Structures are given as structure tokens and as C-alpha cells.
Amino acid sequence: MDDALTAVLSYLPPHAASATAASLSHSFPAAEPASLDGEDEDRIGRLPDAIRRNIISRLPTKDAARTAVLSSCWRHLWDSTPLILDDGAGGLALAAAVAALSSHPGPVRSARLASSQSQDPEAVASVFASLAAKGVEDLLVVVNGSWPVEWRVPSDVLGCASLGRLWIGLCQFPDTSGVTPALLSLHELGIVHSAAQDRDLHAVIPRCPDLETLALVLTQDYPRYLHIWSGSLRGVVIWKSKLREVHLDDVPNLDRLLVEPIADAATHIKIIRAPRLKTLGYFDVGLHQLKIGNTVIKLETKVKPNAMVRTLRTLALKVQFGVEDQVKLMPTLLKCFPCLETLYITSVPSEVPVNADIEFWDQVGFTECVYSHLKKLVLEAVRGEDSELAFVKFVMGRAQVLEDLRVLVDDSCSRDVVLSRLSSEGCVSADARVVVERQDSTLWVFQRAMDLFQSDPFGEAGEDRISRLPGALLSNIVSRLPAMDAARTAALSSRAAAGEAGEDRISRLPDALLSNIVSRLPAKDAARTAALSPRWRRVWASTPLVLDDAHLLPDQPDGGASGFRTDWRAITDRVSRVLAAHPGPFRCVRLTHVCNYAAARNGGALARDWLRLLAAKGVDDLVLVCRPWPIDAGLPADILRVASLRRLYLGLWDEFAGSAKVTKALRSGEIVFPHLLDLGLCRTDIKAAEIDRLLQCSPILEKLALVACYNSPASVRLRSRSLRCVLFWMSVAEELNVLVVPRLERLILWSERVGARLNDDFRTCRLNIGYVQELKVLGYLDTGIHVLHISNIAIEAGTKPSPRTIVPSVKILALKVRFGVRKEAKMLPSYLRCFPNVVTLHIMSEIADEPTGKLNSKFWQEEGPISCLQFHVKRVVFKNFQGNRSELAFLKFICNRAQLLHKMVIVLADGDDPASMEPMVAKLKSLACTKWASNDRKLTILSSTTRASSAPRSTENPLQSPAAEAERGRSRRARPAFPALAAMTVEVDIEEIIRIVLTCLPTAPFATTPGASPSLSGARGGGGEDRISRLPDKLLRDVVSRLPAKDAARTATLSRRWRRVWATAPLVLDDSDLLVLRRPARTDIDWLSTTDAVSRAILSHRGPVRFLRLTCCHIETLARYGGLQHWLRLLADRGAEDLVLVNRPFPFGVRLPDDVLRIASLRTLYLGFWRFPDTAGLPRGPAVFPRLREIGLCFTAVDAGDVDYLLACSPVLEKLSFVASLYPAGRFRIRSRSLQCLVFWHALPIELDVVVAPLLERVILCKGCLAGVPPGSAGFRARLRIGYATQLKVLGYLEPGIHQLEIGGTIIESGTKMIPSNMVPSVKILALKVRFGIRKEAKMLPTFLRCFPNVETLHILSCQADEPTGKLNFKSWQEVGRIDCLETHITTVVFDKFRGDRCELVFLKFILERAQSLLKLVVVLAYGHQASVDEMLTKLKSLTTAKRASEYPTLLAVARDGDSDPCFQRMSDLSVIDPFEW
């Protein structure tokens, strides 16, 4: 029995806790009271409670309990730490487990129990019941008894919903009789040398929605037959077990089936449905039998397509090459896996060898996997037999894409003999590498088979490909990561997975890779790794330091923004300690908070010390910003000693390194920065000579940025053989002289004309372009500020172009013009002639404060030829169009001259209201009649409501072109323009989108208006008895949760009891209750201050979260600095139920952190203005959102895979809404067993396929339009497929001009004959949107009605046709055949927006004549003035005398007070029977 127990223990997962804990107590000496230098302080005691709980949870149970005697603060930690019942050996005895469970009030993370057959059954049952009640996550049970063991694990374990891993050894599996297993979180199930009845396993596996790994190890008699149905299972391991059959009946996510055969155990493997199976082995050709579908794979079997597994990529076989039948079966097996890429074969010696035919392989026909896919072959345990080498030669001569062939010989064979016999054979693949070597050991072990992260469980461990990447490429990748993703939180230590106490694989990585990992951690977390072991201490000491002083700020999500008090002096001291303690080198140092204190302390001595340290330790990237303001310090000259710099950004410095010292240090010809590639000076005063000498001392500098340098030198001269990009951003200079810069590619000039238009005496800027043969991008050239010189020749109006006055390399040109100033507008042709090869032209029109005359169309007509316009310009972007005649004349000039023009984009100027833009739109209509020189052109009109920001978006990328910035904002600054131009793109006003989104978002479950709160305190008779405080806490918490956030927090000041009530009350927070308005007007939202207020509310409240609505926070900034991720993790920990998260003020396109997908407690989730997280690699299955009932995606970019992910992860989802999505995922496929309501609000997918939705009751398609294509235009169709939706009752609005309906595989067209398969009999309420002025759409009405034979309520929304194409008369309607729903079922018809057209009236008469069961006909008049209403009523009187099929129909005519819109909440409310009644 001892041997069996030892074997069982070797297969169980490792212990959850270390058996020794003494090192933790001796590593940190106790702090003495008199210690001032901080070296002897109790650092563990200062760690956050979460980290200390994590430490305690890793100790053995005895040692963890002993920490409670350290102090009172450690005592409460032990009580709340998840318990680990493990003695570090074979397992904890049940008696000890009972004592531990009774004394510990907290949850249980892991339990490793050792029982005996003589144990009292009632005591055993009580232990397992306690474990289930305390939410045990890992459970390992081992019995110390003799085999066969009759002790059975109690059935209580099957009801533990929190259990994530279950392993049993030397016992019997729980009995499922009379028990319904509810292992909702189980992801790993292992049965080791135990008995499990077939029926018990078959009852448990399908009811584990998260089960990923199943292991059967050393099983004997039971189980015998394993049939697997599981939607989540990824890996099955059968290790030396005696199973008769393994059937993969339905395992859609199974990735691998791994088998270690045992002698005399013949197992039949049947693959029925495993569409993702990639790895199979070891398959013993002599023992196992394979069946795929209904085909048994045996000798001479013809493999048909239905007997192939095309997903398999890795196969492992065990073959006796001395047995002829096994050898001849191999080609048949290989044909079953035509896409096989990796093949492992272990040669097994045969007891009675049979001389196999070595010429057999020459006769084998075409084998697809060998010829076309096989890349790697490993033949193990080779003894040099002829049949073995014949197979190897077969592969060498057939495998055309073979890359790696390895032959591993055993001790009985000579390696040299095998190598010599194979060397005479050539490989058909030129890239093949043939290796013959001695087989030392095998990597095929149980632990490796259980590791789902091993892509190849049979081969070698994966190599370190990250360390082999070029340094520049790796740096490029890291630089594109969000700046603060890892900041503020020690994510590595705080997210302890259920099974993380397993094998320490990280420490087995090479030092180079560990150093790479540590360098990507925040400074605090990187330093903490030194406490793990001496090796980690050495790794940290040799890791290039990445230091951001924001990581050292107090733990607040926005890094110490306004609203939080920070001790800057303490932060400065921390920076000093980090710089001094780390031996270097330094990769990146970013100091944006403490430089002012360092420069002011001891006359700047501290700042100089820092720079000397950085120079000595070879820092690569350095960012120094002199904060906090005001700037009053000069940059120390020691910056010039940091020769290792590759990137240097300086911000807010009063003086660049001291003029006298710099002049002396920057001697001409001396190389100060030999490695510097990127230099940025942001609001830093610097002289012309210093810039000139900096360029000379930086021989490989590529980027130079002068940002917001208002006191710039009068003259800036640029001489550099390496410079490629120059940014002059919000800076002012009298002269910018680009002398010799042969590699310069872009020159960006951007200014808001600070002081330029305050008076006429503002200085101009002389821009001289010299030797710049590679210049491709130039702008913005301001014709009123910049005086252009090329090769020292002034460019004036009328200057004739010559080879000396042109820059032919420029491809992208941006100009700023005041068309109201005649002199500036006349400079445009001259500037364009200077750049003859321009392909893209940007024009920004500015308002002239004092117009001095405008150019008319005659001037532009008389203008001579302009080479770039006639032969090169393909794209023109005209920004800030104000509707002036001079602007329109210039646009017509472009249209007349640009022969190759493909696209013209016109961005309208800002307007106070949409009506102010109508005159501009009307003026642009004349462009449709203008003669265009280009036949292939496209005109796009954008209506700007928010001007593109002129300042850089962030200091992380200060070189962003303003032209590119404006272009990037196009899609979010648009409103509907005029659809008359056929080639025009029309987009939607972002303010209108925001309005739509905000009206669709869910509100708090009860009113949180601030006006409701004063009544509580202001009621008369307040001096009487306090009856409220006498209520129980549960009721008080309910009262507090209904107050606005501010008032709820104020109740904490009433008393200690109220403080406790508020802290435990469910949080209901709408950030609109905490709005902070800007002073003095107090009309605009202060986004950052509002964000601070919300942050304080979330962090200070410790109770659960019921409802959180964030629509007024600066989410984009919060996400950039890691605050949003911190909030989402808090919401996950506190069980948030309802979450509304809107990215305002946005740029659209910010990717939502995937932390939102880890809030498993959510019931409602609404997202606005985001890019959906990348779901590749994220956990899938019902456990992601087990309670989520409602999802709303508002102007959020998703693709079809994201929608599939949400539906697959939300098992009880009832409502799914898409709001204001101009470009939703092209094709939606709806598969959900729970979905009841699907809403597309101001959204329209290209294809909506309702595949399987048995509970779906309503599909709402309201106000759907696709940007840029008017409804009904050619080529614009949205396909709606209705599949299995047996409960669908409400459908609309269907639009015949847009929707192409497909039911049961039949496309519904005019005249389609109805059969049961293309009808939906369940629909009771149908809404149609029709343009009766378009004959084709009106003719689709009868066909649509026939598809829904049981409709009882019909809504018709009449729309006006811009270009009528014929109408149906009364005779056409009389010729329409029978319509079942109209003649037998329809009782109510609502005709909306009746305009009095004859075609509408004819349709209403048709309804009256056919509808035999009609009870009510409601006609809603289109909104208009009183005269038009009277006219429509007069026309409707003819209906009173019309023929009626129903005896007593009621006719109602309704005139609305205004053109009201339907309500999103009503449309999606399942309690509303008819959502179209509004």
C-alpha cells in the first residue's frame, strides 16, 4: 500500500503552501524606535492588507495561524485570509481539518485532506459540508487504506459551486444518485488510482460549464466507458488507465487528447465531434482502435472525407516496426489527418518480431499530410532496424515542406551507423535539417501532459523567442504600450489564481528573460522581486531600471492629480533612494513630478547628483519636467554629461543648463550626445546658439521638437546631417532657417497665432528652406505669418517659379489662409507653384478680423497653370469652411484645375446650432453643377461641432501632425449634410450621437436627484424623537442607498452607527450627481475635478456596488494612467451589479480595458464610445458573465467575434442593444439560448443572422441608417436572416428599401410563393417602414405581410421619397392576391405620418376592404401647420364611405403636438406588449 500511496501522491498537484516558513521571519529585522534612516523598519507590516493576506495564504496552516499572535492588525488578517488546509506532506488529517475550520471564520482556498476507511462517516460529511459552505476552491482527497478502497467521497462536494479543482486518490468517486451536480466553477478534475462509475462521470462532466482539464490516472476497473459531452473541455489526459472506450461525442473546444498506454489495455477511441482537436497521442497502433464518425480505421480502409480530422496538427504514435500489420496500418492513419504538421513516433520492440517488408513504403500512394503539411518528424527509441529506416527514407523522399527530422537512437544501436545509412539519402525539402543523436531521456511526463500552455506536450520546451528579438524592435513594441498600464497596482501579486501554488516555472527561465520581465514592472514591484531569493536579487540588480516617479506616488488612480494631497518631498526622497540603490544600467527614467523640488534643494545640488548618477549608470531615455509650477529653476549643466542618452525630453525649465556653462561645454566639434535620436524641448527657454550647438553635438539626432516655447530665440538655424523630423509647435520665432538638413522628411509648423491677430504689429516669421532634398511633409504654412524663402529667394505674389525656387520632394502640403485678406489669398498660387509634386493638399481657412478685400472667381479663372494641381494633386482637405464667396471661388478653382483629383473633403466651420450650417450646405450645392476636371472624384462634407485641438494630445507623442490630427477626428465631427450629390459621404453630428446615447442609457434604480435630500433634514419637528435611527441596519442601508451620492456620504457624520451603515450600504453612484463646474461662469464641466470626486467616492466606500453610471468623467485620461483598470478591479471585488461606462470627452477609438470582462457579478452593462477589448486569449464560457441580463453597446466598435464572445459568455442574457453605431460589425450571428430582446437603435448591420434564439421575443430595428448611403440607393442592402426563433412575437421596423429578408434559406422578393418554411407564424406585432412614392418598395408590402400569417397588430410608418419612381394605384392593390394575416387575424392597424398622398389613401382603402377582423384603424397625421392638418383630415373623410370587410371598425385620426420620436426604453421593455405604440 505504501508504494501505491507514493505513486498516487506523485501524480497529484503540488502542495498549495510551502512546508517551511522560517525564512520569512528572518529576512526582515524588526524596526527599532530610534531608527531614522528607515533601514531597520518593519517593511512587511507596512505592506497593504491584500499583499499580506497573499503572503499568509502561502504558508502552511500551522504557521499561518501563528501570525495572529504578532499584533492586533495581523490577527484580523488571519481571520480574513482564505484558509489553506495543507500540512505540506501527504495531507491534513480530518480531525485537524475540523479544528481549523471551526476556528477560522474566513473562506477556504485549498484543502488537501488525508482520510482513512475507519473514519466516522458523519464527521467526514460535516467536514465536506463545511468546505462547501466556505467556498473551497481547490480540494485534494487521499485515502490511507488498502486497495480496493471502498471509502467514497461524500456527495456534498458535488454541490460546491466555488470549487475550481478537484482531485481524488485511492477512493471512490461521489455517488450522483439523487444529486444534481452544480460544479459551476470546476476547471480541473483528476481521478488517481480511484474508482468512478460510468454513470457518475457522465452525470458530472456535462454539468461543469467551466471544466477545461480531465485526468484519469492509474484507474483499474472503473470507469470502463468514457463518453464526453462538454462545451468547455480543452484537454483530456488518460494516463496508464484501463478504459475500454473513449468517445468524443460533442467536445467543440477540445484541443488535445493525450494517452499513455498500458500493456494489455486495448482502448477504442471514437471521434464523433471535436472540431478543434489539434493534438492526439500516444496512439498505440497495436493496442488502440480508432473510429472517426462511423468509419473504423483498419487495414485497407478507404479514408473518405467524413473520416478525416483536418484540424489535427500534432500526432504521436507507438509502433512495433517489426510487426507487419502495424506498419501497414500507418499510412491509413496518416491519411486520416491530412493537415498534420508534427509527427512523433516511438518505436516499440516486438516480442515476436515479424520481418516487415521494407519495400512497402515505396508502394505507398499519395499521403496529403506527408506531401503538403508535415514540417517535423521525431522518431524515438530507434534500434537501427531496416523497417524503421525505411519509414524515415519514405518521409525524406516525400515531405516537401519538411523542416526538422530528428532520429533518436537507443543504447543498443550505433548512432554513426544510422547516420551513415541516412546520409546517402537526399531530402526533397531544401530546408530540411536532419539530426541523428542519442536519446538520453524523454520529456513525455504526466506534469507536461497536464499543462495546457504547452503547445507541444511531446517535444522540447519552448525557446525564448522574446530575448532573440532585436533591441530596436523590442523597444518599439514596448514604447507603444499604454504608459501607465502596469503602474499604481502590483497586479502580479494581487491576482492569485486558484492553482497558482503549483510548479514555479518562472524561476526556471534564463536570467536574460527574467531581467526582461522585471524591467517591465513598476519600480516598486520590480524592487520587491529581490526578496524572493538570492537569484532574484541578482536579477533585479542587473535589470535595466525603468523608473517613473508617478509609480512612487500614493495609491490613487490618477497619479496625484488635482484633488489629492501629495507629499512631494517624500516622493523626492524615494526617487533618490531608488537611483542610489540600483547599480544600473538605466533604461528609462521619467521624472515629471519632483524636478522642481530637486532643483530648488540646496541650490540644485540634488538635481546635479541625480544627473551624475544617470550619467554614470548609462540611462537611455530621460524625461525631466519641472513640476510643480511655477517654473523658477534652471536645468543643471550636468545634463550635458549624460552621453548615453537616446531620447531626451525637457519640460517647463526656466533656463537651459545655464548660458555661460553651456557655451563653454558645447564647444564646436565636441560630441556630447553620441547616441541621441530624439530631443524635445517643451516650454523650455533656450538660445539660438545653444540649439545650433546641440545639433552639432548630436551626430545621429533624428527628431527635434520645440513645443510651446513662447520665448524662443529670434532666429533658429538648423544644420544637421541626420535630422529627419522637426516640430515647431505653438512656438514663436522671427526666423526659422533650414540650412543644410539633407535627410529632413517632415517640417511641422503649428501655432494658434498667440498674439498674431491682437494687433497689426505682430512680427512675422521668415521661413527659409535650403538644402532639404528629402522633405516630404510641410505645414502649416501661414500666408499671413510665414514669409517663405527658398534658397534665400523671397516668394511673393507673382514670383515666377524656377529650379531654385521649388521644392520638388514635397508630397503633403498644409496651408493656413485668411481668404478675407486679399494679400494673403493672392499668395496661394505662388506657394502652390513652389511645390510642383504635391499629392495631398490641406487648406485651413481662418476668419479675418479686419477684411481687406476678397478675391472673386475672375481672379482664379485668370490664374495661370499650376503644375501640382494639373498633374499631381489627388486629395484636397478644406477645413473650417465658413460659406464665404471667396472660399467657394477657390474650391471651384480646384475643381476646374485638378485633373487627377480623387477626393475632396470639406469640413464646415463650427456653428451654435444645426440651423446655422444650412446656408453653408446650400452654397456648397453649386459644386454639383461645377465643371470638374477629374471624372473620378468623391466629395465629402463634414460638419464640425468641435474644432480639433491645437495642442499636442500628450507629451508621449508631441510630433503628431495637426493635419493628421484633424483627419483622425473626421469620423467624430460630422452631421447630416445634403444628399443631392451622388458621390457625397454624409456623417452624423457627434453631439447628436451623444444625445442619442445618453437618452438610451439606464438610470439609477431609484431617483438620485439632489433635490430629494433636503426634505429629510428640513422636515418640521426635527427636534422630536429620532425614529429613523431606531430602524434596523438592513432598512437603513436601503434608505441610504436611495440618496444621491453626496447626501448618502454625509450621513456618515451623524454617528458611528450611521458611518457603519453608509460603509456597508450598496453603492448607487451617478457621476452627474458629483459634477464640478468651471469657475467663474460655472457652465462648463470640469472633467478632471469631476473624475477626482468620483474616484474619492469609489475608493472610500467599502461596501458592495449596486449601480455605477459614469458619463461625466475624463475616462480617456483615467484609462491612460491606469486609474480605470483600478476602478474596474475594485468593481469586480465588490460585486458590482449595474455598470454604465461612457468615454467622455473622448477621442473615439480608445480600447476598453479587458478588466471589464472580469466583473462576473454584473447584471447590466452599457458601454459608450469605446473600442471593444481584444477577446483573443481571454477566458470564455458561462463563468465570465453568469448573471448578466442586459448589454448595451453605444457607438462602440465591435466585430462579429466580439458579439459571439459576449453571447457565449452570458448564459442568462435577455437584452442586447446596439445604439448609434454607424459602423457596427458587418455581420452579426445571433446564437443564444436565453436572449429575449435584440435592439438596433440608430444602427444597421450589413447582415443580421438570427441562427438559434429559441426565446427571442422581439427584434427592434429602429432608425437604422448607414453613413454615406441614402436609404434605398443602389447597392445599399441589409440582409436579415431569420432562422430558429420560435418565440418571436415583435418585429420592426422592416424597410423594404433597405432590408433583404431571408427566412428558412429563402430570399423574400416580390412575388415569392409562400410555403411553411419561409413563414414566421409566431409574429403577432409587425412594423413596416415604407416609401409609398417608390413603386418597388410598395410592391414588397404584400409579400412581407404573407411571411407573417398570424400578425394581429400592424404598424405602417410612411416615409417621404426624395425621388419618386412611380406609385401604385387602387387597381394595383385590388389585383393583390390573398394575404392570410390581413383577412383573418389583423385587428389593429396604425398608419403613422400620413401626409395625404393619394398612394397612402389607396393603401388605407385596401386595408379596409380586406381586413375582416379589423377593430381599429388609427391614422397619425404628419406634423405640420394647421392648414396642412385640415387638408389631411379632409382627404381622410373619403374613408368613411369606403367599402369595409369588417362590420364595426373604429377609425381614429390623431394629430401629434410636434414630431415626436419613439423611446428606446419603451422599445426594449419586455413588459410593454406593443413597443411601437408611442
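Each residue takes its place number in the sequence, starting with 1. Quick note: numbers below take in every heavy atom, side chains included, and nothing from hydrogens, waters or symmetry partners. Computed from a prediction, not measured in an experiment: that's the story for all the values here.
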Between Thr1175 (side chain) and Leu1178 (backbone), is there a donor-acceptor pair under 3.5 Å?
no
Heavy-atom count check: over 12 atoms from other residues, nucleotides or ligands less than 6.0 Å from Arg199 CZ?
yes
To the nearest 0.5 Å, what is the distance between CZ (Phe283) and NE2 (His288)?
7.0 Å
Leu258 vs Val236, test: side-chain contact (heavy atoms from CB on, under 4.5 Å). Steps then yes/no.
CA-CA 6 Å; Leu258 304 180; Val236 175; over 6 Å; no
Less than 4.5 Å apart, side chain to side chain, heavy atoms only: is that true for Leu1248 and Arg1279?
no
Can you name the closest pair of heavy atoms from Ile191 and Leu201 and give their distance?
CD1-CD2, 3.7 Å
Would Arg234 and Asn253 count as having a side-chain donor-acceptor pair, cut-off 3.5 Å?
no
Which atom pair, heavy atoms only, marks the closest approach of Leu186 to Leu166?
CD1-N, 3.7 Å
Evaluate side-chain contact (heavy atoms from CB on, under 4.5 Å) for Ile292 paired with Cys336, printing each intermediate quantity in order.
CA-CA 9 Å; Ile292 302 176; Cys336 296; 3.9 Å; yes
Begin with the C-alpha distance, continue with both residues' side-chain angles, and end with the deciding distance and a verdict on salt bridge (charged side-chain N to carboxylate O under 4.0 Å, His left out) for Glu368 and Arg310.
CA-CA 11 Å; Glu368 182 180 350; Arg310 291 191 170 273; 3.6 Å; yes
Of Ile345, Val364, Val327, which is the lone residue that meets side-chain contact (heavy atoms from CB on, under 4.5 Å) with Phe391?
Ile345
Once the angle between the rings of Tyr282 and Phe458 is folded into 0 to 90°, is it parallel (under 30°), tilted (30 to 60°) or perpendicular (over 60°)?
perpendicular
Would you name the heavy atoms of Glu388 and Gly384 that are closest together and state the gap between them?
OE1-N, 3.1 Å
Any donor and acceptor pair, going by atom type alone, linking the side chain of His187 with main-chain N or O of Gly164 inside 3.5 Å?
yes
Asn294 atom CG, neighbour heavy-atom count above 12 within 6.0 Å
no
Looking at His268, is its backbone amide N or carbonyl O close enough to the side chain of Arg244 to form a donor-acceptor pair, meaning the two atoms are under 3.5 Å apart?
no
Assess whether atom OH of Tyr1284 is packed by more than 12 heavy atoms of other residues, nucleotides or ligands within 6.0 Å.
no
Does any part of the side chain of Leu226, heavy atoms only, come nearer than 4.5 Å to the side chain of Ile205, both counted from C-beta?
yes
Rounded at 0.5 Å granularity, tell me how far CD1 in Ile238 sits from CD1 in Ile262.
12.5 Å
Do Pro1173 and Leu1157 come within less than 4.5 Å of each other through their side chains, counting heavy atoms only?
yes
Worked check of side-chain contact (heavy atoms from CB on, under 4.5 Å) between Glu437 and Leu408
CA-CA 5 Å; Glu437 59 186 2; Leu408 306 179; 3.4 Å; yes
Would Phe173 and Tyr222 count as a close aromatic pair, with their ring centres under 6.0 Å?
no
Under the criterion side-chain contact (heavy atoms from CB on, under 4.5 Å), which of Arg398, Lys393, Met330 is the partner of Trp361?
Met330
Check the angle between the aromatic planes of Phe1240 and Phe1218 and answer parallel, tilted or perpendicular using the 30° and 60° thresholds.
parallel
Thinking salt bridges, do Glu341 and Arg313 make one under a 4.0 Å N-O criterion?
yes
Rounded to the nearest 0.5 Å, what's the gap from CG on Leu329 to CD1 on Ile297? Could you check?
8.5 Å
If we only count heavy atoms from C-beta on, is the Pro252 to Arg276 side-chain gap below 4.5 Å?
no
Side-chain donor-acceptor pair under 3.5 Å between Ser347 and Arg383, yes or no?
yes
Compare all side-chain heavy atoms of Val217 with those of Lys240 and state whether any distance is below 4.5 angstrom.
no
More than 12 heavy atoms of other residues, nucleotides or ligands under 6.0 Å from NZ of Lys270: yes or no?
yes
In sequence, state the C-alpha distance, the side-chain angles, and the governing distance for Asp386 and Arg421, and then conclude on salt bridge (charged side-chain N to carboxylate O under 4.0 Å, His left out).
CA-CA 10 Å; Asp386 292 342; Arg421 295 180 64 181; 2.8 Å; yes
Between CD of Glu212 and CZ of Arg1180, what distance do you get to the nearest 0.5 Å?
12.0 Å
For the residue pair Leu374 and Val401, establish whether any side-chain heavy-atom pair is separated by less than 4.5 Å.
no
Given side-chain contact (heavy atoms from CB on, under 4.5 Å), test Thr332 with Leu334 step by step and report yes or no.
CA-CA 5 Å; Thr332 307; Leu334 294 178; over 6 Å; no
For residues Ser429 and Gln400, is any side-chain donor paired with an opposing acceptor at under 3.5 Å?
no
Ring pair (Phe, Tyr, Trp, His ring centres under 6.0 Å) filter on Tyr1205, not counting sequence neighbours, yields none
Step by step, work out the side chain to side chain donor-acceptor pair (under 3.5 Å) result for Glu188 and Thr213.
CA-CA 5 Å; Glu188 185 174 307; Thr213 306; 4.9 Å; no
Any non-hydrogen side-chain atom of Phe1228 less than 4.5 Å from a side-chain atom of Asp1249?
no
Hey, does Leu402 have a side-chain heavy atom less than 4.5 Å from the side chain of Asp404?
no
Heavy-atom closest pair (Leu422 atom, Met396 atom, distance to 0.1 Å) is O-CE, 3.9 Å
Partner of Thr279 under side-chain contact (heavy atoms from CB on, under 4.5 Å), picked from Thr314, Leu257, Leu254, is Thr314
